[in-house]
Structure formats: C-alpha cells, structure tokens
2 protein chains.
Amino acid sequence: MGQQEGCLSQHFKHYGRLSDSECRRLDGLEGPALAMAKGQVFWREGDAAREFGTLSRGWAYSFRDLADGTRHILEVFMPGDVIGLREFPFKQRLSSVAMLEDGEIRLTPHRRLIEIFRDSSRLTSLCFAVASYQQALLSERLVHLSRRSARQRVAYLLFELYSRTKRNDDSIEDRFRVPLSQQQLADALGLSPVHVSRTLTAFRQEGVLRRLRGWVHLLDPGALEAEGSIVGHLHDEIELVE
Amino acid sequence: MGQQEGCLSQHFKHYGRLSDSECRRLDGLEGPALAMAKGQVFWREGDAAREFGTLSRGWAYSFRDLADGTRHILEVFMPGDVIGLREFPFKQRLSSVAMLEDGEIRLTPHRRLIEIFRDSSRLTSLCFAVASYQQALLSERLVHLSRRSARQRVAYLLFELYSRTKRNDDSIEDRFRVPLSQQQLADALGLSPVHVSRTLTAFRQEGVLRRLRGWVHLLDPGALEAEGSIVGHLHDEIELVE
DNA sequence: CGTACGTTTGAGACTCCTCAATTTCTGTGG
DNA sequence: CCACAGAAATTGAGGAGTCTCAAACGTACG
C-alpha cells in the first residue's frame, strides 16, 4: 500500500473478489496524488463535499470540534483507506479530516461514483460494503466507549488498530505503528491525556505492551484482547454476499 | 406513518424528491406487515442477513450484548424508519434488534435492492443517503457520549428524538413520545439507570421537562438544546445532491 | 544547545457507580 | 372499582474511577 496507484482496488478487494476489468475501472477513478503535511486539515466540517479520497500514504483521522473546545476523533485512517465515502449523498462534510503525518491523498469526484452506479451493480454493492464496514467500526467503538473503563477503552482501540494493520499486511507480527499522540488517543477514547498515560504505563508494567516513538510492541496480545473484550474479529465476520 | 403501505417511499422522501414511478418502485419492495410484540427480538447478532426491514408501526431498537452482561443500545427506530440497511453487503447481522412496543415490520429481500441498483442510480443514491444518515446519527452519538456529562448525554438523546419526531411530523409542539424505560435510556447512554433517574429529576426540578408514561413534555427546549450542545439540526444539514 | 512539545507523576476534587431500601406506576383479576 | 403483584422509578449512603491542576521529566528539532 504505497505511493503507487491502485489503492482503491486494493482496498475494495477486502470486500470481495474483483475481476481485472473491475480493478481497472476502480483505479481509473483515482486522481493524482496530493501531498499533505502532518497536521494539515484538508476537509473541514461544513465544507462542500464533492469528492471522496483515498489515502495512498500516511495516516489521517476525522474529528469534530465541540463548542466547549474539546475535540473528538471519530475515525482513524491508515494508508489504503477510503475517506469520506459516507458523505457521498450529502452536500457538506459532517466532520473534519486531518493528517497524523505527512502523506498523500487521491481524490475522486462523486459524479464518477454515479457512473459506477450506472455501470456495475457489483461495484455498487462493494461501495456499500466499504461504507458499511466503516459504520461497523463506528458502532463497535460506540459500544466500547460508552460504559467501559479506561483500560478497556485503550485496549480496545489498540487492538482494533492491530487487527486492521494485520488485515492489510498479514506478515505483521507483534510490532505495529500507532502514530497518535496520547492527546489524540485521549480525543479518540473520550479520556483525559493524563489518564491515557497512566493506563499505558500500567499496561507496560504488566508486560502487556511497550510503546515508543509511534510504535506499539505487543508483548501479550491475548491479554489486550481479553481486556478489551473483543468479541470477534470484525473483518472475519464481514463477508460480502456474492 | 401508520400501518398502511408506502412507508418506504415516505422515508426516502426525507432525502430527496421522488417521482411517482420511483414511489411505486419503492413501495413495491415492501413485503406484508409482520406483527411484532413488545420486547420481541426479531434479529439476533450473527443471524443471516438476507433482508432489510421497514418499521411500519411501533418503536424498536438495535443493541449489542457484551460478555460482561451489559447491553448497549446503538440505534432507536421510530415508525417509518428503515432497519438493517447497513447490513445489506454482509452475510450476518452485526447487532440484534428488538421491539420497544407492539408494532409491525415489513421485510424486503436484499436481492430486490440489487434490482434497484441495476435500474436506477437515483434510487441507489437515495439508499446510500438513508444509510449515511443513520451513520451520521451514530457518529453524533459517539461524539456526545464519549466525554460528556450525564446531563449532556441525556439532553442530547432526548433532543435527538425530539428533532427526529419533528422531522416526521412538523405539527409536533412540545410533547413527544419516548417509549424507553430508564433502564433502556441508560443502555443507550452508557449510564446507570439510577443516574438517569437523578438526571431526569434534576431537569424536572429545573423546569426543563416533565416525563410521564412514555411521553416527554418539553417545557424549555432551548435549555435542553443548550445543555446537549447541539450544534445544528442534522437533518437540515443533510441534503441530497441532485 | 535551547526551545517546544509530549509524557509522566502527584494530590485533591468531583462525577458517577454500586448496593439497598422505599415509593410509585402499571396491569390484572376479583 | 378496588386489591394485589410485579415492574419501574426514586432516594440515600459510601466508594471507585477519572478529571483537573500543576510540576517535573524526556524527546525531537531547529
């Protein structure tokens, strides 16, 4: 999942097999790579929504800023992910999106998607699948953030990122990237940064994981999975109907 | 939004204008009304997902039961709402669905939806809109449940239900139905039932609202809206691109 | 080498939870 | 219409978890 083109078809392949012509059809949608700098906000809540994006390099996140100054991170995107597809039917962005690090984004105008709708009900279903998977991630996070302890929340989010990393690259062992600061983890988990720090320290002292410079070394994946009471691996349960 | 047919087109109209033939096309999808009893669970997490539903009478909710015995309510459905559309691309239900009261549901097999995809890119876009609106509600709830006080959570949920009620029936003044017990409100808000009770009592004593027999009498909508820091009315911001 | 940012640690306060008892509501049968 | 049983809601008291504020420490980058 690098700078090269083909991210879109790569991503869609998670949801069902693609013929060569369908791959070409999808990859033909991708615009040129736009360079994005760390911290850059490239969509803002309320902006006109005329295209969706594919993150071809770097990590990003979507967020909402509230009146009281707090920020909530809704989604964390990793390279290869599709961004903003759920806003396709609407005129405006429902959340802002910013880069966690330097990267590249390729845009696809919504009208190209409508062409797909006209041409291929198979690809239409896949678009639905992409959007639904993201919604499933959101639901899952809602469940895990509402009535759960800080330990459970942190464990859940780290395990989600671990699972998604493995989905993209099966060769991943126990080290994976988490380029979020503790402030950002806190904003994603609804905790204070201070308490995120305490929780991570506790996990380190218990020998569950170690964190350094944007990487997590998972010493005891089982313990983390149990702590987060992960029911099943979402991407295993989600299978596209043929 | 009663027992009669036509719920589907009624619901879709929220997202864009429909021609007569499109209305007929949609309403032709609805199966016969199935009677459901209060408390009845008609989909269970993991069940095969072969159809979506339209709630033609009564209220319902979707939920997840966790290993530790807690339940989390993800969505609250009111008459006219579409249920389980987001599971269209998948084989299994991602959450269970149960009735809050007696009612009726009409089912539509997923393959009928694929026919729509083939026939009409306009209706395809509308399907996307229906799913995306529900996702927007979920995101909104995620934001409001994560780092907010009990007062803010309760205010937010009640105001969401108030707004959605008004979306369906503009003549609503200040009384609207909320057929959820405090236990169920707690399960939707990630609070204990005890604290929901205390919070509602506080609102009553402050003259914000009164609750009786599944109805809420809103004495001071502005106070509730401010308490929940509602940014804007979701359904105003969401407009389908033509 | 200095500055800015991110992380760690400590102390006290506050919100919300749990447990338990009591009261009110709702529906049913006499 | 009233009596009763079961469910739902209220109220109280004590405790656990997380927050805020503040200071010290570590790390990256100019």
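As the structure is a computational prediction, the values presented were derived from the model and not from experiment. Below, chain A is the first sequence line, B the second, and so on; all start at residue 1.
Judged by atom type and distance alone, A/R198 reaches the base of C/dG10 through a side-chain donor-acceptor pair under 3.5 Å. In the interface, the side chain of A/R151 is not paired with the base of D/dG17 through any donor and acceptor atom under 3.5 Å apart.
For the pair B/L191 CG and D/dA9 P, the computed distance is 14 Å after rounding to whole Å. Rounding to whole angstrom units, CG of residue B/L212 and P of C/dT26 are separated by 8 Å. Distance A/F203 CZ to C/dT8 P: 14 Å, rounded to the nearest Å. Atom CG of A/L185 is separated from atom C1' of D/dT18 by 17 Å (rounded to the nearest Å). A straight line from CD of A/Q182 to C1' of D/dC19 spans 16 Å, rounded to a whole angstrom. Across the protein-nucleic acid pair, B/H195 atom NE2 and C/dT18 atom P stand 12 Å apart, rounded to whole Å. If you take CZ of A/R210 and P of C/dT7, they are 17 Å apart, rounded to a whole angstrom. If you measure from atom CZ of B/R148 to atom P of C/dC14, you get 20 Å, rounded to the nearest angstrom.
Nearest-nucleotide assignment on DNA chain C puts the 5′-proximal partner with A/V196, out of A/V196 and B/K38. Between A/A150 and A/R213, the one whose closest nucleotide on DNA chain D sits nearer the 5' end is A/A150.
Just one residue in the list B/R93, B/R64, B/R71 forms a salt bridge (charged side-chain N to carboxylate O under 4.0 Å, His left out) with B/E45, and that residue is B/R64.
Looking at heavy-atom distances under 4.0 Å, A/R211 makes contact with sugar-phosphate atoms alone, never a base. Using a 4.0 Å heavy-atom cutoff across all strands shown, B/S192 reaches at least one base atom of the nucleic acid. Among the atoms of the strands shown, only primed sugar atoms or phosphate atoms (P, OP1, OP2) are found under 4.0 Å from some heavy atom of A/G190.
In this structure a side-chain-to-backbone donor-acceptor pair under 3.5 Å is missing from A/Q10 to A/G80.
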A/F203 and A/E227: side chain to side chain contact (heavy atoms under 4.5 Å, CB included), yes or no, with the steps?
-> CA-CA 10 Å; A/F203 281 146; A/E227 186 75 49; 3.9 Å; yes

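Between B/D187 and A/R147 there is a salt bridge, with a side-chain nitrogen of the basic residue lying less than 4.0 Å from a carboxylate oxygen of the acidic one.
The nearest pair of heavy atoms linking A/V97 to A/A60 is CG1-CB, 4.5 Å.
Contact check, B/S197 against D/dT10: a side-chain N or O comes under 4.0 Å of OP1 or OP2.
Picking from C/dT7, C/dT8, D/dT11 the nucleotide with the shortest atom distance to the side chain of A/R204 gives C/dT8.
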